[in-house]
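Down below is the structure, laid out as structure tokens.
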Amino acid sequence: MFDIKWIRANTEAFDAALSRRKGIVTRSADLLAIDDRRRDIIVRLNEAQEKRNALSKQIGQAKAQKDEAKAGELMAEVARLKDTIPAGEAEERAVELELRNALSVLPNIAFDDVPDGTDEAGNVEYFGRNGSPETAAKLRAPRPSFAFAPKEHYEVGVAANGNMDFEIAAKLSGSRFVVLKGQVARLERALGQFMLDLHTNEHGYLEVQPPLLVKDDALFGTNQLPKFEDDLFFAPHGDGRLALIPTAEVPLTNMVRESILSEEELPLRLTALTPCFRSEAGSAGRDTRGMLRQHQFNKVEMVSITTPETSVDEHERMLTCAETVLQKLGLHYRVMNLCTGDLGFGAKKTYDLEVWLPGQDTYREISSVSVCGDFQARRMDARYRPTGEKVSPRFVHTLNGSGTAVGRCLIAVLENYQQEDGSVLVPEVLRPYMGGLTSIGGR
RNA sequence: GGAGAGGUGGCAGAGUGGUCGAAUGCACCGCACUCGAAAUGCGGCGUGGGGGUGACUCCACCGUGAGUUCGAAUCUCACCCUCUCCGCCA
């Protein structure tokens, strides 16, 4: 969410930046018109309140001196304000809500180095700071070659033989659910444990087990509300509701909401392995086969809370943390710098990691790493107190990234490590989590 | 779920109708002392929003929301949360 004062001081920059965003017609003039009205109301209200306070103080003094006549006189005078103050307060509340509503549906401004574009075709491959295709290739596994036609994940023997069961899941829960069994279930678990251990042991993240059900306020903080309500599942609760988290970004980021951290606590790096729940309301008919797009999936999420000065560096660092997962698993992938048309609502810049799926013969998103600036911090009221002379609190910056989507990573392992006989080799880093197994689904 | 206690500034903790945005302590910042540090002394130090070129000034905020009152941190009601005890329970 934007600061109206900043908009007022930077109308041209604001309008130019917003015009890069798809489908946004709001301009600074629309917002400043509301703000002008707001300020008028505040000025009038403050004048009335000031008068009331002054008279009330005089009444107190008059009463203290037992001057009842004067007190009565003053009370009559203040009585005339009785209606204007509550009315003014109501007006102020209304116009402030109007401004908040107008601001809360506006997406964040993209950094200058985000490419322009209308959809994913405008995304630009990224090889890291000072990187090149050559330096990237040294770190990443090459695309695997097969002596046979590689299958899609749900066709690979070990999955197709009943360990990835969509029929039973449909009986239990309908479409877009899956039941994993046996060694495929174990492989899924191994992947999650591996990622979590990597981020906690080697990347300095604090492991968190957050609630999976959250309040509307938390969803507002991380931009799911008010615009993306349709993507969520809700559970009735008391007179209200709780939402099933669509990503652990919601509880992890909101852990700092409505608080003032000290600078020494930053950067705060949090990670969690949680199920995620998405209604996929807008994706009817897309990716209906297999477990690529599910209502429920596991994901390891990373969240960083930083100072404004360090958030851009932290973004690169977080990207590296996510890449390390795929590098250690020996999975081929590429990194895309998302263009303005593909950029998420709250992001100033996003890198997508796309893993190679030989069965599909294409790259698919497996991680998304975003820097949000103070956009979410404003919505959450999350600040920190800088060390040193400046004591006035500032908004923190927030970042989030998947590290990575476990369900999709399972797909990637099944497709990339599949053997002609339908078995699947276990990547070396996962073997400790698989009781030493080097392969699953063999005879 | 039942009974009781309580929610006040970064933290702890006073404050039961007016001069309280709020004592005090800790933390923090500046200065002094010191070779330096500690200790000590002095001073400063909440958040948000208006107005003013500025010095400055006004308004709101004591869990949240209503209410009583000329005036509410303080009184009333509802709700939320925390703690203690009991019950139930993975």
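So you know, we letter chains A, B, ... as the sequences are listed, proteins then strands, and number each from 1. Atom set for the values below is all heavy atoms of this structure, side chains included, hydrogens, waters and symmetry mates excluded.
- Considering all non-hydrogen atoms of both residues, Tyr351(A) and Lys349(A) come closest at OH-NZ, 2.9 Å.
- On the P atoms, C33(B) is 28 Å away from G46(B), given to the nearest whole Å.
- Base pairing of A3(B): its partner is U84(B), meeting the Watson-Crick or G-U wobble criterion (both donor-acceptor distances under 3.5 Å).
- Between Asn400(A) and Ser370(A), the side chains place no donor N or O within less than 3.5 Å of an acceptor N or O (distance only, hydrogens not considered).
- Across the protein-nucleic acid pair, Leu266(A) atom CG and G10(B) atom C1' stand 14 Å apart, rounded to whole Å.
- Remark: P of C80(B) and CG of Asp217(A) are 15 Å apart, rounded to the nearest angstrom.
- The 5' end of RNA chain B is approached more closely, in terms of each residue's nearest nucleotide, by Met75(A) than by the other of His237(A) and Met75(A).
- Base pairing of A73(B): no nucleotide in any strand meets the Watson-Crick or G-U wobble criterion (both distances under 3.5 Å).
- Every residue two or more places apart in sequence or in another chain that forms a side-chain hydrogen bond (donor to acceptor under 3.5 Å, both in side chains) with Asp197(A) is listed here: Tyr433(A).
- Of all nucleotides present, only C31(B) satisfies the Watson-Crick or G-U wobble test against G41(B), with each distance under 3.5 Å.
- Nearest-nucleotide positions on RNA chain B for Ile4(A) and Ile260(A) put Ile260(A) closer to the 5' end.
- Between the side chains of Glu249(A) and Thr222(A), no donor N or O sits under 3.5 Å from an acceptor N or O.
- Between G50(B) and C11(B), the two P atoms lie 26 Å apart (nearest whole Å).
- Residue Lys51(A) is out of contact with every strand shown, counting any heavy-atom pair closer than 4.0 Å.
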Check step by step if side chain to side chain contact (heavy atoms under 4.5 Å, CB included) holds for Leu414(A) and Tyr154(A). CA-CA 9 Å; Leu414(A) 292 176; Tyr154(A) 51 89; over 6 Å; no

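- At the phosphate of G50(B), OP1 or OP2 sits under 4.0 Å from a side-chain N or O atom of Arg38(A).
- Put simply, Arg52(A) has no side-chain N or O that comes within less than 4.0 Å of OP1 or OP2 on U69(B).
- Remark: G21(B) base-pairs with no nucleotide in the shown strands. Criterion, Watson-Crick or G-U wobble with two distances under 3.5 Å.
- On the P atoms, C28(B) is 9 Å away from A39(B), given to the nearest whole Å.
- Comparing the P positions of U24(B) and C79(B) gives an interatomic distance of 38 Å, to the nearest angstrom.
- Atom pair Gln58(A):CD and U19(B):P shows a separation of 14 Å (rounding to whole Å applied).
- The C1' atoms of U68(B) and C75(B) are separated by 8 Å, rounded to the nearest whole Å.
- Comparing the C1' positions of A78(B) and A23(B) gives a spacing of 32 Å, expressed to the nearest Å.
- For Ser56(A), whose side chain is taken as the heavy atoms from C-beta onward, the closest listed nucleotide among A66(B), G49(B), G18(B) is G18(B).
- Between the P atoms of U74(B) and U69(B), the separation comes to 16 Å (whole Å).
- Of the listed nucleotides (G18(B), A66(B), G50(B)), G18(B) has the atom at the smallest distance from the side chain of Lys63(A).
- Atom name C1', nucleotides U19(B) and A73(B): the rounded distance is 16 Å, in whole Å.
- Residue Asn53(A) places at least one side-chain N or O under 4.0 Å from the OP1 or OP2 atom of C59(B).
- Nearest approach of Leu410(A) to Glu188(A), heavy atoms of both residues: CD2-CG, 3.7 Å.
- Checked against A60(B), G51(B), U47(B), the side chain of Arg385(A) finds its nearest nucleotide in U47(B).
- Across the protein-nucleic acid pair, Glu47(A) atom CD and G52(B) atom P stand 12 Å apart, rounded to whole Å.
- For the pair Arg378(A) CZ and U47(B) C1', the interatomic distance rounds to 15 Å; values are reported in whole Å.
- Contact annotation: Arg383(A) side-chain N/O to G48(B) OP1/OP2 distance is under 4.0 Å.
- Listed candidates were C58(B), G51(B), A66(B). Nearest to the side chain of Glu50(A) is C58(B).
- Per the geometry, CG belonging to Asn46(A) stands 12 Å off C1' belonging to G48(B), to the nearest Å.
- In this entry the distance linking CD of Glu91(A) with P of G49(B) reads 21 Å, nearest Å.
- When both distances must be under 3.5 Å, the Watson-Crick or G-U wobble mate of A60(B) is U47(B).
- Taking only side-chain atoms of Arg93(A), from C-beta outward, the nucleotide of G50(B), A66(B), C59(B) with the closest atom is A66(B).
- The CD atom of Glu89(A) sits 12 Å away from the P atom of G65(B) (whole-angstrom rounding).
- Within the 4.0 angstrom heavy-atom criterion, base atoms lie near Ile59(A).
- Between Phe2(A) and Trp6(A), the ring-plane angle classifies as parallel under the 30° and 60° cut-offs.
- When the options Arg21(A), Arg20(A), Lys22(A) are evaluated for a salt bridge (charged side-chain N to carboxylate O under 4.0 Å, His left out) with Asp116(A), the one that passes is Arg20(A).
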